[in-house]
Amino acid sequence: MPRLFNGFDEADFDVFSIPGLEPRMTAIRARIQPKLAVLGDYFVPFLSERLQSSMYAHVAKHARRTVNPPSDTWVAFSANSRGYKQHPHFQIGIWPTHVFAAFGYIYEAKDKVAFGHYLQAQASEIQRIVPDDFIYIPDHTQPSSIPAAQVADREIAAFGERLVQVKKAELLIGRRLDKELAITHSGAQLVEWVESTFTPLCKLWIEASRAQVSHG
């Protein structure tokens, strides 16, 4: 890795219990953003090689916030150097309760309707690609998720229909590692965990990109 990633520890998760926007952001900048930047440096070439597309890392700045402190933070990866919210992207992030790695489209994404059509048309194939220990995240602002083992192809198609029909709909697919386990993992183990999460998700990125072209 370009720089050493030491993993996440108890104090990183405790940052989210600090009251107030500025005190919490000060701690996020000091403790967590440097670690996310290291992960960004590592996974840019990892994703770029597998996707055959130049990828860029974007560490969340939470710049729009004026009162409420962030309840989670992340680094995102997209094929756009200026941003990620309007594009399909990968994320590595941390909540008070867990670490996550995911791929998908949030409500601002321009091509999420095409992704929705892809989910509807290829629901059975997507169910085959996504392992049972993965999760579906229908709202990236909430820590809750749906285990992939409980999601049949009809639910995947329903996710797709919602992306097509509902303006604020979004969907991320990935994996979570509960805090209690995450703090026992070394940096190398966490990187390996993210790699094994992103690998099948890269297939979805490639197929979704093709679907966007066909619907474009």
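From a predicted model like this one, the values you see are computed outputs, not experimental measurements.
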Self-check item: Test side chain to side chain contact (heavy atoms under 4.5 Å, CB included) applied to A152 - qualifying residues, sequence neighbours left out
Solution: Q127, R154, E155

Quiz item: Can you name the residues that form a ring pair (Phe, Tyr, Trp, His ring centres under 6.0 Å) with H62, not counting sequence neighbours?
Solution: W74

Quiz item: Can you get from I28 to I183 by hopping between Ile, Leu, Val, Met, Phe, Trp and Tyr side chains that sit under 4.5 Å apart?
Solution: yes

Give every donor-acceptor pair under 3.5 Å between a side-chain atom in residues 196-204 and any protein atom, sequence neighbours left out.
residue : atom : partner : partner atom : Å
S196    : OG   : R175    : NH2          : 2.5
S196    : OG   : E192    : O            : 3.3
S196    : OG   : W193    : O            : 2.9
T197    : OG1  : R175    : NE           : 3.0
T197    : OG1  : R175    : NH2          : 3.0
T197    : OG1  : W193    : O            : 2.8
T199    : OG1  : E195    : O            : 2.7

Quiz item: Given side chains that start at C-beta, do those of L21 and V67 come closer than 4.5 Å, heavy atoms only?
Solution: no

Quiz item: Taking atom CZ of R50 and atom CD1 of I206, what is their separation to the nearest 0.5 Å?
Solution: 10.5 Å

Practice problem: Give the cluster check for Y105 versus I146: same hydrophobic cluster or not, with ILVMFWY residues linked at side-chain heavy-atom distances below 4.5 Å. | Solution: yes

Self-check item: Partner set under side chain to side chain contact (heavy atoms under 4.5 Å, CB included) for S81, not counting sequence neighbours
Solution: Y56

Self-check item: Side-chain heavy atoms of H89 within contact of I106, under 4.5 Å
Solution: yes

Quiz prompt | Closest non-hydrogen atom pair between V99 and A182, with its separation | solution = CG2-CB, 3.9 Å

Self-check item: E10 vs K179 side-chain heavy atoms within contact, under 4.5 Å
Solution: yes

Practice problem: Search all heavy atoms of D153 against all heavy atoms of S124 and return the closest pair with its distance. | Solution: OD2-OG, 3.1 Å

Quiz item: Is any side-chain heavy atom of L190 less than 4.5 Å from a side-chain heavy atom of L177?
Solution: yes

Practice problem: State plainly whether one hydrophobic cluster holds both I92 and W205, where clusters connect Ile, Leu, Val, Met, Phe, Trp and Tyr through side-chain heavy atoms under 4.5 angstrom apart. | Solution: yes

Self-check item: Which atom of F90 lies closest to which atom of L51, heavy atoms considered
Solution: CE1-CD1, 3.7 Å

Quiz item: Atom CG of L163 and atom NE2 of H117: how far apart are they, to the nearest 0.5 Å?
Solution: 10.0 Å

Practice problem: Quick one: pull up CD1 in I173 and CG in L119 and give me the separation to the nearest 0.5 Å. | Solution: 6.0 Å

Self-check item: Any residue meeting side chain to side chain contact (heavy atoms under 4.5 Å, CB included) with R29, in chain and number order, not counting sequence neighbours
Solution: E22, M25, T26, Q33

Practice problem: Sort and list the pairs that fulfil ring pair (Phe, Tyr, Trp, His ring centres under 6.0 Å) and have at least one residue in residues 139-175, not counting sequence neighbours. | Solution: Y136-F159

Quiz item: Is it the case that one hydrophobic cluster holds both Y84 and M55, taking links as side-chain heavy atoms less than 4.5 Å apart, direct or via other members?
Solution: no

Exercise. Tell me, please, which residues at least two apart from F8 pass ring pair (Phe, Tyr, Trp, His ring centres under 6.0 Å).
Key: F5

Quiz item: How close do T73 and L36 get, heavy atom to heavy atom, and via which atoms?
Solution: CG2-CD1, 4.1 Å

Quiz prompt | Inter- and intrachain pairs under ring pair (Phe, Tyr, Trp, His ring centres under 6.0 Å), touching residues 169-189, at least two apart | solution = none

Exercise. Answer with yes or no whether the hydrophobic clustering places V38 together with F77; edges join I, L, V, M, F, W, Y residues whose side-chain heavy atoms lie under 4.5 Å apart.
Key: yes

Quiz prompt | Closest contact, heavy atoms only, A79 versus S53 | solution = CB-OG, 3.8 Å

Exercise. Specify the closest pair of heavy atoms between G83 and S78, including all atoms of both residues, with the distance to one decimal.
Key: O-OG, 2.7 Å

Quiz item: Measuring from F100:CZ to I137:CD1, what's the distance to the nearest 0.5 Å?
Solution: 6.5 Å

Quiz item: F46: what forms a ring pair (Phe, Tyr, Trp, His ring centres under 6.0 Å) with it, not counting sequence neighbours?
Solution: F43

Self-check item: Side-chain touch E170/D139, heavy atoms, less than 4.5 angstrom
Solution: yes

Practice problem: Please name all residues satisfying side chain to side chain contact (heavy atoms under 4.5 Å, CB included) with P143, sequence neighbours left out, ordered by chain then number. | Solution: W95, H98

Self-check item: Nonpolar side-chain network containing V113, other nodes, edges under 4.5 Å
Solution: V164

Using residues 12-19 as the side-chain source, report each donor-acceptor pair under 3.5 Å to any protein atom, sequence neighbours left out, with the distance given to one decimal.
residue : atom : partner : partner atom : Å
D12     : OD1  : R31     : NE           : 2.9
D12     : OD1  : R31     : NH2          : 3.2
D12     : OD2  : D9      : N            : 2.9
D12     : OD2  : K35     : NZ           : 2.6
S17     : OG   : D14     : O            : 2.7

Quiz item: For the atom pair NZ (K167) and NZ (K112), what is the distance rounded to the nearest 0.5 Å?
Solution: 9.0 Å

Quiz item: Going by heavy atoms in the side chains, are T97 and R176 under 4.5 Å from each other?
Solution: yes

Quiz item: Less than 4.5 Å apart, any side-chain heavy atom of L39 and any of V191?
Solution: yes

Self-check item: Rounded distance [0.5 Å steps], OH in Y42 versus CG in L47
Solution: 10.0 Å

